[in-house]
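Beneath this line is the structure, given in structure tokens, with notes to follow.
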Amino acid sequence: MRLPPLSGLLALAATVPGVVVALAGIELAAPLAALVFGGAIIGAAFVLAWAAEAAQVDVSAGLAVAVLALIAVLPEYSVDFVFTWRGGEAAAQYGAECAPAGGDSTPACSLALANMTGANRILVGIGWCVVVLIAWRRSKERGITLGRADAVPLAFLTIASLYCLILPFKRTLTLWDTAVLVAIFVAYSWRVSRAPAGEPDLIGPSAWVGGLGKVPRRATVIGLFLVSAVVILLAAEPFAESLVDTGQELGISEFLLVQWVAPLASEAPELLVAGLYAYRLHTTEALGALVSSKVNQWTLLVGTLPVVFAVSSRGWSGLPIEPAQRGELLLTASQSLLAIALLLGLTLSLRAALVLLGLFLVQFVLGAVLPADWHDRELVGLSGVYLLLAVITVVRKRACLVPMLRDGLLSRYSDLGGDLRCTTTGGGRLRLRTRLKEVLPIGR
């Protein structure tokens, strides 16, 4: 029997220090604790991703991609749930302000939303773009084209993003929002479960697990899931605590650490796995998995935050959306709508990817050069740029909008062969082009 790949053993080894420190109750300096527990979460997330990939051998292709995307973001769920639980406890103690009167630290409720918005923006602003850039560097292809079946997650992401656009104008994230967003996720999961089975293309540790016999393969997958879940449960809370403590000790904004550093740790394995797929020129699978992950985070993650908050606060008033967080939510929803618009033809070009990356980086440049009291105006202004570009792009690709929604929501999977593309004619008009590779020899 072949030994597991070295990368799989290293990922498991990365979880050991965090587990030992957590179980032994060892006290570490906050920055060191953040590294130890963050490393454990990253290692566990890699193991989760590989186990989910190997599970594709036993489930349908569409469901496998959805499950992979869901499992890959579980570390992000665990970290965000910790901050949301803390927010609920703070609300029960201090009221709707979620912080003691006159306190200098960031209110606990803001940290829950900060972690969620940061994770969503990193996934699109960095993840989608890196996959395209790697594919271009490897093959000189100036973009990635998805299959028509990938219209399914894109259609549900469109519905979720349009709904989330109203969240910045609310005072709380309520259980009504939970009902709507979770319903979107359930409908999406049911839809992708109808996809036909396919032959998975596994690499690395997932290929080793997938190559085992039926019984040992399933036992290994279940065992890896359980090990990863235990590690994440042990490491998530101390990782969140150590991040906040690190900010206080080093004079770094805890909001900044929670919004960007924590999601980078929890999203890193997912981004690296997608990058590895792109490097091996499995570009459709790489981008498709990231689109599915975005659906999961923008529906189930956002939708379950009010439930966690309600349980920890022992009330039903909803997770407060403070004025500063409304701008963050607006920017996140606006980025999502632009990303959808750029993918309307099921092709993400190199230029479009650079636009997403550039706009993602602009927020940090503006934050560095503009006064702190301009932060809200900066978020609203940048949101306006995203929305304006989204409207312009939708108008240019309007011929693709209805077919994408029809394919994503209504068409049978058996009818979703070939590619759906939008092209611009010489007169500037748009035309819809469906390439049916085995039926119509278009372009030959």
Side-chain angles (χ1 to χ4, degrees), residues 22 25 30 33-34 37-38 41 44 70 73-120 164 167-168 170-183 185 229-248 254-255 257-259 261-263 265-266 296-326 328-329 332:
F37 291 117
I41 289 175
L70 174 60
V73 298
L74 281 181
E76 173 57 34
Y77 279 61
S78 64
V79 173
D80 209 355
F81 284 177
V82 169
F83 287 115
T84 305
W85 187 273
R86 295 286 181 85
E89 292 178 332
Q93 183 175 359
Y94 302 113
E97 297 300 323
C98 295
D104 296 328
S105 60
T106 305
C109 295
S110 290
L111 296 181
L113 291 176
N115 191 255
M116 179 273 292
T117 54
N120 271 280
C164 287
L167 299 183
K170 301 181 61 176
R171 292 185 178 275
T172 55
L173 195 62
T174 66
L175 294 177
W176 167 254
D177 301 310
T178 294
V180 174
L181 292 171
V182 172
F185 175 77
V230 170
V231 172
I232 291 170
L233 287 174
L234 288 174
E237 184 171 5
F239 175 63
E241 288 178 349
S242 60
L243 270 184
V244 174
D245 293 342
T246 298
Q248 294 173 348
E254 58 191 33
F255 184 90
L257 290 173
V258 169
Q259 186 171 39
V261 177
S266 56
N296 290 326
Q297 290 192 176
W298 211 211
T299 56
L300 191 61
L301 175 59
V302 180
T304 49
L305 294 184
V307 177
V308 177
F309 183 84
V311 174
S312 61
S313 65
R314 299 181 294 279
W316 308 102
S317 57
L319 176 61
I321 303 176
E322 299 177 359
Q325 288 304 307
R326 290 173 193 156
E328 299 286 352
L329 282 169
T332 306

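Numbers for residues simply follow the sequence, beginning at 1.
- Going from atom CG of L319 over to atom CG of L175 covers 10.5 Å, rounded to the nearest 0.5 Å.
- For the salt bridge (Lys or Arg N to Asp or Glu O under 4.0 Å) condition, the pairs that include at least one residue of residues 81-92, sequence neighbours left out, are R86-E237, R86-E241.
- Atom-to-atom distance recorded for R326:CZ and L167:CG is 11.5 Å, nearest 0.5 angstrom.
- With values rounded to the nearest 0.5 angstrom, Q297 atom CD is found 11.0 Å from T117 atom OG1.
- With 3.5 Å as the limit, one finds a donor-acceptor pair spanning the side chains of D177 and T174.
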Show your reasoning for whether side-chain contact (heavy atoms from CB on, under 4.5 Å) applies to T332 and W298. CA-CA 10 Å; T332 306; W298 211 211; 3.6 Å; yes
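- Between G318 and F309 the shortest heavy-atom distance is O-CE2, 3.2 Å.
- Test L329, T84, L173 against M116 for side chain to side chain contact (heavy atoms under 4.5 Å, CB included) and you get one pass: L329.
- Between the CZ atom in F83 and the CG atom in L113 there is a gap of 12.0 Å [rounded to 0.5 Å].
- Closest heavy-atom contact between V307 and T178: CG2-CG2, 3.7 Å.
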Go through L300 and V182 one step at a time and tell me if the side-chain contact (heavy atoms from CB on, under 4.5 Å) criterion holds. CA-CA 5 Å; L300 191 61; V182 172; 4.3 Å; yes
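- In plain terms, the two heavy atoms of S78 and I232 that are nearest each other are OG-CG2, 3.1 Å.
- A pairwise comparison of heavy atoms in K170 and I321 identifies O-CB, 3.8 Å as the closest pair.
- Side-chain contact between F81 and L301: present, with at least one pair of heavy atoms (C-beta onward) separated by less than 4.5 Å.
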Start with the C-alpha gap between V79 and L243, add the side-chain angles, then the distance that decides, and say whether side-chain contact (heavy atoms from CB on, under 4.5 Å) holds. CA-CA 11 Å; V79 173; L243 270 184; 6.0 Å; no
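- One distance of note links CG of N115 with OG of S110; it measures 12.5 Å at 0.5 Å rounding.
- At a threshold of 4.5 Å between non-hydrogen side-chain atoms, the residues I41 and V231 do not count as touching.
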Full working for side-chain contact (heavy atoms from CB on, under 4.5 Å) between C164 and L181: CA-CA 9 Å; C164 287; L181 292 171; 4.0 Å; yes
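- Residues W176 and V180 meet the side-chain proximity criterion, which asks for heavy atoms closer than 4.5 Å.
- Across all their heavy atoms, C109 and P320 have their closest contact at SG-CD, 3.8 Å.
- The heavy-atom pair separating A91 from S313 by the smallest distance is CB-CB, 4.4 Å.
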